[in-house]
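Here the structure is a predicted model, which means the values were calculated and not measured.
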Amino acid sequence: TNPEELEEYINILERAAEWMESQNLSQWIPGTFRKPDARAHISSAIVNKTSYVVIHIPTSTIAAIFALNSEDPFDQMLWGPLLGEDGWKDALYVHRLVVEKDFQGRGIVPKVLKFTEELVPQKGKVFLRLDCRGNNPGLRKFYREKCRGLVHDGEEKEGKVKGLKELGTYTNPATGINYARFERRIVF
């Protein structure tokens with residue numbers, strides 16, 4: 001992502017939040033990403049090259065966006081109680097993954113996760129992790145059943161898409177929001 005893409009990046013997140021709200025999905029609240037603290041966080045992620053865009057080559061259109069974290073306080077809050085004070089630091093965390101409506105159903109999520117899975121060992125990590133609101137059954141089901149890269153792990157055919165392992169939920173004591181946690185071990 002380039003700094004000049006900040007506005008479009010935020011617009012994509014806001015469109016996703018509006019769609020989720022229209023579907024009664026409890027994940028993101030419209031307007032959240034336009035707030036100064038969220039803008040600053042996203043801008044910082046862009047500058048630090050931890051935010052990514054997937055470009056549809058023929059049209060030069062942004063088809064999807066996502067961010068990767070490895071030392072974020074949110075991940076520490078969410079995973080620390082399960083994995084210990086430093087145990088949560090062994091992963092790359094995928095956040096703000098959005099596929100634009102016109103590009104959904106084209107296999108972008110498995111490709112994003114394959115890209116991310118390849119980065120895990122390069123960054124000295126062991127796991128790929130994601131989260132979502134605990135009261136979002138559709139997204140939880142998607143993560144469990146289909147949200148994995150195109151990988152070969154010796155037990156299944158190359159390219160088969162399979163889900164991530166769900167590791168229970170955790171309620172943020174500051175906000176009362178319940179989150180479901182998912183992971184896949186990449187390095188053995």
Side-chain angles (χ1 to χ4, degrees), residues 1-3 5-14 16-17 20 25-54 62 64-99 109 112-136 139-140 142-143 147-149 164-187:
T1 309
N2 299 313
E5 294 173 318
L6 175 63
E7 289 307 316
E8 184 57 23
Y9 197 95
I10 289 173
N11 289 339
I12 290 168
L13 290 167
E14 286 295 330
M20 289 178 199
L25 297 174
S26 180
Q27 186 65 28
W28 296 336
I29 299 168
T32 299
F33 300 106
R34 296 197 194 287
K35 292 181 178 179
D37 59 338
R39 288 180 68 83
H41 182 76
I42 294 166
S43 180
S44 175
I46 289 171
V47 168
N48 293 324
K49 303 200 180 300
T50 59
S51 286
Y52 297 82
V53 296
V54 177
I62 296 176
I65 61 171
F66 64 100
L68 297 177
N69 297 329
S70 62
E71 297 286 329
D72 191 279
F74 176 83
D75 298 316
Q76 180 181 16
M77 175 277 303
L78 188 59
W79 291 88
L82 177 67
L83 304 170
E85 188 174 325
D86 289 329
W88 65 277
K89 293 180 180 180
D90 61 355
L92 274 182
Y93 295 87
V94 178
H95 289 288
R96 298 188 301 270
L97 174 58
V98 176
V99 177
V109 170
V112 165
L113 293 180
K114 181 178 186 292
F115 169 80
T116 304
E117 289 168 350
E118 290 169 355
L119 287 179
V120 168
Q122 292 176 28
K123 301 285 186 182
K125 305 299 181 182
V126 177
F127 293 92
L128 168 70
R129 294 192 178 119
L130 294 92
D131 66 83
C132 70
R133 294 275 183 102
N135 62 349
N136 190 335
L139 191 51
R140 287 175 78 171
F142 177 77
Y143 284 175
C147 198
R148 188 165 124 190
L164 296 159
K165 181 179 180 182
E166 185 168 351
L167 296 177
T169 61
Y170 178 76
T171 301
N172 180 340
T175 64
I177 297 173
N178 183 262
Y179 294 92
R181 300 170 292 198
F182 300 84
E183 76 175 13
R184 175 165 188 272
R185 185 176 188 121
I186 305 298
V187 178

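Rounded to the nearest 0.5 Å, atoms CZ (R39) and CD1 (I46) are 9.5 Å apart. If you take CG on L128 and CG on L119, they are separated by 10.0 Å, rounding to the nearest 0.5 Å. H95 contributes atom NE2, which lies 7.5 Å from atom NE2 of H41 (distance to the nearest 0.5 angstrom). Here CE of M77 is found 9.5 Å from CG of D72. Values are rounded to the nearest 0.5 Å. Taking OG1 of T169 as the reference point, atom CG of L82 lies at 10.5 Å (rounded to 0.5 Å). Note: L113 CG to F66 CZ = 8.5 Å, rounded to the nearest 0.5 Å.
Residue-environment remark: CD (E71) exceeds the threshold of 12 foreign heavy atoms within 6.0 Å. For CD1 of I29, the number of neighbouring non-hydrogen atoms (other residues, nucleotides, ligands) closer than 6.0 Å is 12 at most.
Across all their heavy atoms, P30 and A17 have their closest contact at CG-O, 3.7 Å. Of all heavy-atom pairs between R96 and S51, the closest is NH2-OG, 3.7 Å. Smallest separation of non-hydrogen atoms from A38 and T32: CB-O, 3.2 Å. Of all non-hydrogen atoms in W79 and L130, the two that sit nearest each other are CZ2-O, 3.7 Å.
You'll find the side chain of T171 stays beyond 4.5 Å of the side chain of I177, heavy atoms only. Within the 4.5 Å cutoff, side-chain heavy atoms of V98 are placed close to those of W28. Looking at heavy atoms from C-beta onward, R34 lies in side-chain contact with N11 at the 4.5 angstrom threshold. Between P121 and I186, the closest side-chain pair of non-hydrogen atoms falls below 4.5 Å.
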Could you walk me through whether K165 and F182 pass the side chain to side chain contact (heavy atoms under 4.5 Å, CB included) check?
CA-CA 5 Å; K165 181 179 180 182; F182 300 84; over 6 Å; no
Item to complete: For the pair E183 and L164, evaluate side chain to side chain contact (heavy atoms under 4.5 Å, CB included) and give the outcome as yes or no after the intermediate values.
Response: CA-CA 6 Å; E183 76 175 13; L164 296 159; over 6 Å; no
Point to revise | Residues F74, Y93; criterion side chain to side chain contact (heavy atoms under 4.5 Å, CB included); working and verdict | key: CA-CA 10 Å; F74 176 83; Y93 295 87; over 6 Å; no
query = Hey, mind stepping through E117 and K125 against salt bridge (Lys or Arg N to Asp or Glu O under 4.0 Å) and telling me if it holds?
reply = CA-CA 10 Å; E117 289 168 350; K125 305 299 181 182; over 6 Å; no
Margin query: Could you go through Y143 and E166, starting from their C-alpha distance and side-chain angles, then the distance that decides it, and tell me whether this counts as side chain to side chain contact (heavy atoms under 4.5 Å, CB included)?
Written below: CA-CA 8 Å; Y143 284 175; E166 185 168 351; over 6 Å; no
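Judged by distance alone, with hydrogens and angles left aside, the side-chain atoms of Q76 form no donor-acceptor pair with the main-chain N or O of W88 at under 3.5 Å. In terms of modelled atom types and a separation under 3.5 Å, the side chain of T116 and the main chain of V112 share a donor-acceptor contact. A donor-acceptor pair under 3.5 Å is absent between the side-chain atoms of T50 and the main chain of N69, judged by distance alone. With hydrogens and angles disregarded, no donor-acceptor distance shorter than 3.5 Å links the side chain of Q27 to the backbone of C132.
Inspection of the N135 and R140 side chains reveals no N or O donor paired with an N or O acceptor under 3.5 Å.
Ionic pairing of R129 and D90 is present here: one or more N-O contacts between side-chain nitrogen and carboxylate oxygen are shorter than 4.0 angstrom.
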